[in-house]
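In what follows, a single structure is set out as C-alpha cells and then discussed.
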There are 2 protein chains.
Amino acid sequence: MIEYSRQPHYLVAVDCIVFGFDGEHLKILLVKRGLEPEINKWSLMGGFVGPDESPDDAANRVLKKMTGLEGVYLEQMQIYGEPHRDPIERTLSVGYFALIDIHKYEAQLNDDYEAEWFLINERPKLIFDHNQMVADARKKLRYKAALHPILFEMLPKKFTIPQLHILFEEVNDTKIDTRNFSRKITSTGLLIKLPEKDKTGSKKGAFYFKLDKKKYHANSQAFLNLVPNLKV
Amino acid sequence: MIEYSRQPHYLVAVDCIVFGFDGEHLKILLVKRGLEPEINKWSLMGGFVGPDESPDDAANRVLKKMTGLEGVYLEQMQIYGEPHRDPIERTLSVGYFALIDIHKYEAQLNDDYEAEWFLINERPKLIFDHNQMVADARKKLRYKAALHPILFEMLPKKFTIPQLHILFEEVNDTKIDTRNFSRKITSTGLLIKLPEKDKTGSKKGAFYFKLDKKKYHANSQAFLNLVPNLKV
DNA sequence: AATATTAATTGTCTTTTTGACAATTAATAT
DNA sequence: ATATTAATTGTCAAAAAGACAATTAATATT
C-alpha cells in the first residue's frame, strides 16, 4: 500500500482488429476516431478499460457497442506499451483480434463513430501504432488459422467448400489446390454436409455444409494443417 | 486531452515465469515477495512498469535484476487484468515467460528478494493469480516448443541428444521414442556434432552438439513436430 | 585379459500424410 | 441437343511418422 502509491499510473485501453469475409475478400472494420487527438482519422475500434471490467470485458463491450454483436470470437493478441505511443498521455493498449461473420454485422448508428469495411490490402493509414497492430494481427490470424479451425467464425452457419477455400487462400495470401484442400478439410470430420445447394455462385451449385459443433468445441484445439508448405 | 483526463488510471506490472532445466527436471524460479501485501510469500518475479520503459523493457529489467542475466529468451504471454486481482489497488500485469540456462544463473544477492528453483510439479502456492499464470505459461511453453526450436534456450551451449530428449519429455510430460526423436531432431539441420563427449552420464559418453546459430536465427520460425500425436 | 554392465546410437518396415497432377459431373444457358 | 461454367472427385509417387530392438562404445568387474 505504501509502496504502491509511489508507482506511476497509466491509462489502459483495448484496440480490436475486426476481420470479416464477404465471400471474396478478407476485410477489416475501421472507424473514424471520435475524440482528440487525431479526431476523424481512421483507426481501430477501441476504448479505455473501465474500473469494473477486465481488458477482455472491455474488448467485448467495445465490440458490441460498435457492431451490435455479442459472443464474437475474440482473442488477445499482445500489449502495446511503448512510452510515447500515444502523444497525449501514456496509454497502454491491449490488442485483440476478432472474427465475425460480415453478414451478421449491421452498422450501429453511433454518433461518435463512423465504421466502414476495408479490403485488408486497401486500407487507409491508421493512427498511432494501429498499422503495426493490423500487421501483427494478420500474422497471428494466419498462424492460428493454419493450426486451428477458427476461420469458420467468419462464415455463415451454412457455407460451401469453395467459400471456405477462398477464405483460406485470402488469409494465407496463397493458392491452395482444390483437391488437396477438400480432402484435408473433410478429413477433419468437422463438417456436416447438408442436402441443399448454394446456387448463387454457379449453375451446378455447391453443397452447403455446417460445422459439427460438438466436434468443433471438443476439438477446437486440434491441429490442422491446411496450408501446404507452411512457413509462418 | 480533455477526454483522457476523465479516464481511470491503473498500475501496470510485469510478472515473469522463469523456466529452467537442470538436466533432469523442468524447474521454475520463484522469489519471496519483498513488499506488502503478502510480503515473504512465494511469488513470480515481477515489478511495475516504469515511466520510460515498455512492458518488454520492464520484464528484461526485472529479469536482469533478479538473475543477473541479460539477453534472455523472453516472450509476452498475456495480460492479467481482472479488476480485483490485486487486493490493494487495481494493477494489470503483463505475464512473460523466460527460458534460461539454469547453470548460467547465479543467485543475486538482492536484499529485497530470496529466489529459489522449484520443480515445476512441487512448487509452493503463489500469491494472487500467479498460480494461474504458471499454468498458462506451461501450456504456452508446450505449445510453442512443439512447433519452434526454443528449448535450446534452456540448455548450455554444448549439449547432448539425451539431454535434449529428457527436456522434451519433461516439457511435454510424455515419453518420446529415442529413435524417432533423434531422427527428427537431426533432420532439422539445426545441430552441429562436436568431437567431444559428455562422460558424466554414462560409460560410453554422449556426443556434444551445438546449435547452428545461423540456421537457428534464419529459421527459428520453422515448424518442427517433435512431439508425436500432438494435442495441445 | 576377458567379460559384464550401462547408456548411447543407429536401422527397418509399415502406415499415414502430403503434394502434384486433370478428368468428370451437375446444373443452367444457348 | 449442345455449350458453358464451376463443383466435385481420383490416382500415384514421395515424404513423414510411428512402431519396433539390435548394436556399439565405453567403463567396471571378475
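Note that the structure is predicted; figures quoted are calculated from it, not measured. Here is how names work: the chains are called A, B, and so on, in the same order as the sequence lines, proteins then strands, and each is numbered from 1.
Put simply, CG on B:Asp198 is 15 Å from C1' on C:dT9, counting in whole angstrom units. The interatomic distance linking B:Leu191 (CG) with C:dT9 (P) rounds to 12 Å, in whole Å. A:Phe181 places its CZ atom 17 Å from the C1' atom of C:dA20, with the value rounded to the nearest Å. Atom OH in A:Tyr208 sits roughly 12 Å away from atom P in D:dT8 (whole-Å rounding).
Nearest heavy atom pair, residue A:Ala115 against residue A:Leu29, reads CB-CD1, 4.2 Å. Scanning both residues, B:Met66 and B:Gly46, for their nearest heavy atoms gives CE-O, 3.8 Å.
In this structure, the salt bridge (Lys or Arg N to Asp or Glu O under 4.0 Å) partners of B:Lys27, at least two apart in sequence or on a different chain, are B:Asp22. Taking B:Lys41 as the reference, B:Glu38 meet the salt bridge (Lys or Arg N to Asp or Glu O under 4.0 Å) condition, with sequence neighbours excluded. Residues satisfying the side-chain contact (heavy atoms from CB on, under 4.5 Å) criterion with A:Ile166, sequence neighbours excluded, are A:Phe21, A:Glu170. For A:Asn40, there are no side-chain contact (heavy atoms from CB on, under 4.5 Å) partners at least two apart in sequence or on another chain.
The CE atom of B:Met133 lies 6.5 Å from the CD1 atom of B:Ile17; values are rounded to the nearest 0.5 Å.
Each salt bridge (charged side-chain N to carboxylate O under 4.0 Å, His left out) pair with one or both residues in residues 171-180 of chain B, not counting sequence neighbours, appears once here: B:Glu169-B:Lys175, B:Asp177-B:Arg179. Among residues at least two apart or in separate chains, salt bridge (charged side-chain N to carboxylate O under 4.0 Å, His left out) pairs with a member in residues 67-82 of chain A are A:Lys64-A:Glu70, A:Glu75-A:Lys140, A:Glu75-A:Lys144.
No donor-acceptor contact under 3.5 angstrom links the side chains of A:Ser54 and A:Asp56, judged on distance only.
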Show me the donor-acceptor pairs, under 3.5 Å and distance only, between side chains in residues 150-158 of chain B and residues at least two apart or in other chains.
| residue | atom | partner | partner atom | Å |
| --- | --- | --- | --- | --- |
| B:Glu153 | OE2 | B:Tyr216 | OH | 2.8 |
| B:Lys158 | NZ | B:Glu196 | OE1 | 2.8 |

Between side-chain atoms of residues 124-132 of chain B and protein atoms elsewhere (two or more places apart, or another chain), which donor-acceptor pairs fall under 3.5 Å?
| residue | atom | partner | partner atom | Å |
| --- | --- | --- | --- | --- |
| B:Asp129 | OD1 | B:Arg85 | NE | 3.4 |
| B:Asp129 | OD1 | B:Arg85 | NH2 | 3.0 |
| B:Asp129 | OD2 | B:Arg85 | NE | 2.7 |
| B:His130 | ND1 | B:Leu44 | N | 3.1 |
| B:Asn131 | OD1 | B:Leu126 | N | 3.0 |
| B:Asn131 | ND2 | B:Leu126 | O | 3.0 |
| B:Gln132 | NE2 | B:Asp136 | OD1 | 2.9 |

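Nearest-nucleotide assignment on DNA chain D puts the 5′-proximal partner with A:Gly201, out of A:Gly201 and B:Asp177.
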Notebook entry, point to check: Where along nucleotides 22-30 of chain C does protein come under 4.0 Å, by heavy atom, of base (B) or sugar-phosphate alone (S), with - for untouched nucleotides?
Noted result: B--BBBBS-
Would you tabulate the nitrogen or oxygen pairs shorter than 3.5 Å linking the protein to nucleotides 12-14 of chain D?
none

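Every stem involving DNA chain C, taken as at least 3 paired positions in a row under the Watson-Crick or G-U wobble test at 3.5 Å, is listed here: C:1-30 with D:1-30.
With ring centers used as reference points, A:His148 lies under 6.0 Å from B:Tyr143.
Checking D:dT9, D:dG10, D:dA19 against every side-chain atom of B:Asn180, the shortest atom distance belongs to D:dA19.
The stretch residues 156-170 of chain B has no heavy atom under 4.0 Å from DNA chain D, so no residue of it qualifies as close.
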